[in-house]
Amino acid sequence: MQLSKEAVLFKANKACKNTLMETLEIEVIDFGDNFLVARMPVNSRVYQPDGVLHGGATAALAESVGSFASHIFIDTEKFFVRGIEITANHLKSVTEGFVYAKATFLHRGRTTQLLDIRVTDDADNLISICRLSTISLPKKK
């Protein structure tokens, strides 16, 4: 049985409870055959001391959306996902509103996945470009 888009989004956001994603107020808002989108508010929770979005918070958003993307496209009864490498190039500062991370697969193998993650602001300006490698590992029985 395939779940509806609403059911998948509900399940993904429910999984964020009591995690870093909840602390950063990251919300999964859309997905399709080859992508997943999440957003995070830009406020004092994610500021550097000078009042702009912290690159570490951006990287946490990127890793969260990329890992979720890998997670929803595997058999979670048999496998779990872990991030193994992330890179982030920060291009523009943000002080308010939301940032949106769209993770798109560059490679979706049985064991490893490579995702391109573009982080944009409310005006669709490119804020950061990230790459995430994930691995799907078998659950122990």
Side-chain angles (χ1 to χ4, degrees), residues 1-49 51-141:
M1 175 180 80
Q2 189 173 6
L3 297 175
S4 69
K5 181 180 270 195
E6 293 78 17
V8 171
L9 295 175
F10 177 79
K11 187 175 178 180
N13 288 309
K14 185 177 178 183
C16 292
K17 298 294 180 202
N18 298 314
T19 68
L20 177 64
M21 287 77 72
E22 182 178 47
T23 300
L24 297 178
E25 300 180 29
I26 294 170
E27 177 186 14
V28 180
I29 60 171
D30 196 15
F31 77 95
D33 289 340
N34 195 39
F35 72 92
L36 187 107
V37 180
R39 72 178 184 176
M40 178 177 70
V42 179
N43 56 38
S44 61
R45 287 179 186 238
V46 296
Y47 282 164
Q48 295 182 28
V52 299
L53 177 62
H54 193 290
T58 306
L61 171 63
E63 182 152 356
S64 297
V65 73
S67 292
F68 262 124
S70 291
H71 182 85
I72 67 172
F73 294 110
I74 66 164
D75 180 351
T76 57
E77 296 295 317
K78 296 180 183 175
F79 298 93
F80 64 94
V81 173
R82 293 292 182 262
I84 54 177
E85 182 178 26
I86 188 165
T87 61
N89 295 98
H90 306 299
L91 308 171
K92 186 173 174 57
S93 296
V94 180
T95 60
E96 63 185 7
F98 283 89
V99 285
Y100 302 84
K102 182 176 183 178
T104 306
F105 285 95
L106 299 172
H107 169 73
R108 189 167 25 176
R110 286 177 298 171
T111 305
T112 61
Q113 302 79 39
L114 178 62
L115 297 108
D116 177 67
I117 303 155
R118 296 193 175 255
V119 180
T120 57
D121 65 9
D122 287 321
D124 206 30
N125 295 306
L126 186 59
I127 304 305
S128 298
I129 298 173
C130 306
R131 289 277 167 94
L132 175 67
S133 298
T134 60
I135 189 166
S136 300
L137 299 168
K139 290 183 174 180
K140 300 211 189 282
K141 295 181 181 188

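Note that these values count all heavy atoms, side chains included, but never hydrogens, waters or copies made by symmetry.
- Shown here are the side chain to side chain contact (heavy atoms under 4.5 Å, CB included) partners of Thr76, two or more places apart in sequence or in another chain: His71, Ile74.
- Within a 6.0 Å radius of CD in Glu96, no more than 12 heavy atoms belonging to other residues, nucleotides or ligands are found.
- Atom OG1 of Thr23 sits about 8.5 Å away from atom CG of Asn18, to the nearest 0.5 Å.
- Qualifying side chain to side chain contact (heavy atoms under 4.5 Å, CB included) partners for Phe35, counting only residues two or more places apart in sequence or in other chains: Asp30, Val37, Lys102, Thr104.
- Remark: Phe31 engages no residue in a ring-ring contact (aromatic ring centres under 6.0 Å, His included) (not counting sequence neighbours).
- Between Asp33 and Arg108, the shortest heavy-atom contact is O-NH2, 3.2 Å.
- At distances below 3.5 Å, not a single donor-acceptor pair connects side-chain atoms of Asn13 with backbone N or O atoms of Glu27.
- Residue Phe10 qualifies as open at atom CZ: its count of foreign heavy atoms under 6.0 Å is 12 or below.
- Residues Phe79 and Lys139 approach most closely at O-CE, 3.5 Å, considering heavy atoms.
- Separating the NE2 atom in His54 from the OH atom in Tyr47 is a distance of 13.5 Å, to the nearest 0.5 Å.
- Here the CD atom belonging to Glu25 is positioned 10.0 Å from the CZ atom belonging to Arg39, to the nearest 0.5 angstrom.
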Check step by step if side chain to side chain contact (heavy atoms under 4.5 Å, CB included) holds for Lys11 and Ile72.
CA-CA 10 Å; Lys11 187 175 178 180; Ile72 67 172; over 6 Å; no
Show every donor-acceptor pair shorter than 3.5 Å between a side-chain atom in residues 84-94 and any protein atom, with sequence neighbours excluded, or say none if there are none.
unit_1 : atom_1 : unit_2 : atom_2 : d
His90  : ND1    : Ser128 : OG     : 2.8

What donor-acceptor contacts under 3.5 angstrom involve side-chain atoms of residues 111-126, with partners at least two apart or in another chain?
unit_1 : atom_1 : unit_2 : atom_2 : d
Gln113 : OE1    : Thr134 : OG1    : 2.6
Gln113 : NE2    : Gly109 : O      : 3.2
Gln113 : NE2    : Thr111 : O      : 3.4
Gln113 : NE2    : Ser136 : OG     : 3.1
Asp116 : OD1    : Arg131 : NE     : 3.3
Asp116 : OD2    : Arg118 : NE     : 3.2
Asp121 : OD1    : Ala123 : N      : 3.0
Asp121 : OD1    : Asp124 : N      : 3.1
Asp121 : OD1    : Asn125 : N      : 2.8
Asp121 : OD1    : Asn125 : ND2    : 3.3
Asp121 : OD2    : Asn125 : ND2    : 3.0
Asp122 : OD1    : Tyr100 : OH     : 3.0
Asp122 : OD2    : Phe98  : N      : 3.1

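- For the pair Leu53/Val99, a side-chain contact is recorded, criterion being any heavy-atom separation below 4.5 Å from C-beta on.
- Under a cut-off of 6.0 angstrom, the local environment of NZ in Lys5 is crowded, with over 12 non-hydrogen atoms contributed by other residues, nucleotides or ligands.
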Return all side-chain donor-acceptor pairs below 3.5 angstrom for residues 59-69, not counting sequence neighbours, or 'none' if the list is empty.
unit_1 : atom_1 : unit_2 : atom_2 : d
Ser64  : OG     : Ala60  : O      : 2.7
Ser67  : OG     : Glu63  : O      : 3.0

